[in-house]
Amino acid sequence: MAFSSGSGKGPMADINVTPLVDVMLVLLIIFMITAPMLTHKVKIDLPQPNPNVVQPENPPEPVRLKIDQSGALYWNDTPVDELGLKAQLAVIGGLGDPAKQPEVQINADDGVAYEHVARVLADAKSYGLTKIGFTEGQ
């Protein structure tokens, strides 16, 4: 051995750092290659507002639809069954112009089964509602 201390007895106590340096150099090269890709800017062509579209001066009041844990529905804090909900959605959907339709704000409790929310969303879509939002809280 070229670096032996002469005695040759017992294990060598020095740590071989060559593999560690090799791994660190490889990692450094990888980071040097990938770092410019992370800062690369992506051009996005966002839609611009159309000045010809007239926003309604008095937008309709949003409808609050609450779904509790048992799946019971409340239309503006008034209990409603599924047929009543469909009738209300048909009235809103019958307004035609989406600008005249009020937004339906759905507030589902944390423990509600997703099937209840999915059923309400499917009904709203079937009646042509386009303004549907989700709220959190009371």
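It should be emphasised that the depicted structure is a prediction, and the values quoted were computed from it without experimental measurement.
Distance CZ/F134 to CG/L121: 4.5 Å, rounded to 0.5 Å. Atoms CE and CD1, on M24 and I29 in that order, are 12.0 Å from each other to the nearest 0.5 Å. Note: L20 CG to I15 CD1 = 9.5 Å, rounded to the nearest 0.5 Å. Here the CD atom belonging to E136 is positioned 7.0 Å from the CG atom belonging to D110, to the nearest 0.5 angstrom. Rounded to the nearest 0.5 Å, atoms CG (L46) and CD1 (I44) are 6.0 Å apart.
In the hydrophobic clustering of this structure, V120 groups with Y114; members are Ile, Leu, Val, Met, Phe, Trp, Tyr whose side-chain heavy atoms approach within less than 4.5 Å, directly or through other members. Follow the hydrophobic side-chain contacts under 4.5 Å out from I132 and you never reach V91; the two are in separate clusters. Taken together through direct or relayed side-chain contacts under 4.5 Å among Ile, Leu, Val, Met, Phe, Trp and Tyr, W75 and L83 form parts of separate hydrophobic clusters. In the hydrophobic clustering of ILVMFWY residues, with side-chain heavy atoms under 4.5 Å counting as a link, Y74 and I92 come out apart.
Residues V117 and A108 share a closest heavy-atom pair of CG2-CB, 3.8 Å. Between D77 and P79, the closest heavy-atom pair is O-CD, 4.0 Å. Here the closest non-hydrogen pair linking P102 and P62 is CB-CA, 4.4 Å. Of all non-hydrogen atoms in P19 and N16, the two that sit nearest each other are CD-O, 3.6 Å. When all heavy atoms of L73 and I67 are compared, the pair lying nearest together is CD2-CG1, 3.6 Å.
Without hydrogens or angle criteria, N76 side chain to R64 main chain gives a donor-acceptor distance under 3.5 Å. Judged by distance alone, the side chain of D109 and the main-chain N or O of G111 form no donor-acceptor pair under 3.5 Å. The backbone N or O of K86 sits nowhere less than 3.5 Å from a side-chain atom of D123 that would complete a donor-acceptor pair.
The closest side-chain heavy-atom distance from D22 to V26 is not below 4.5 Å.
Shown here is L25, whose CG atom has more than 12 heavy atoms of other residues, nucleotides or ligands within 6.0 Å.
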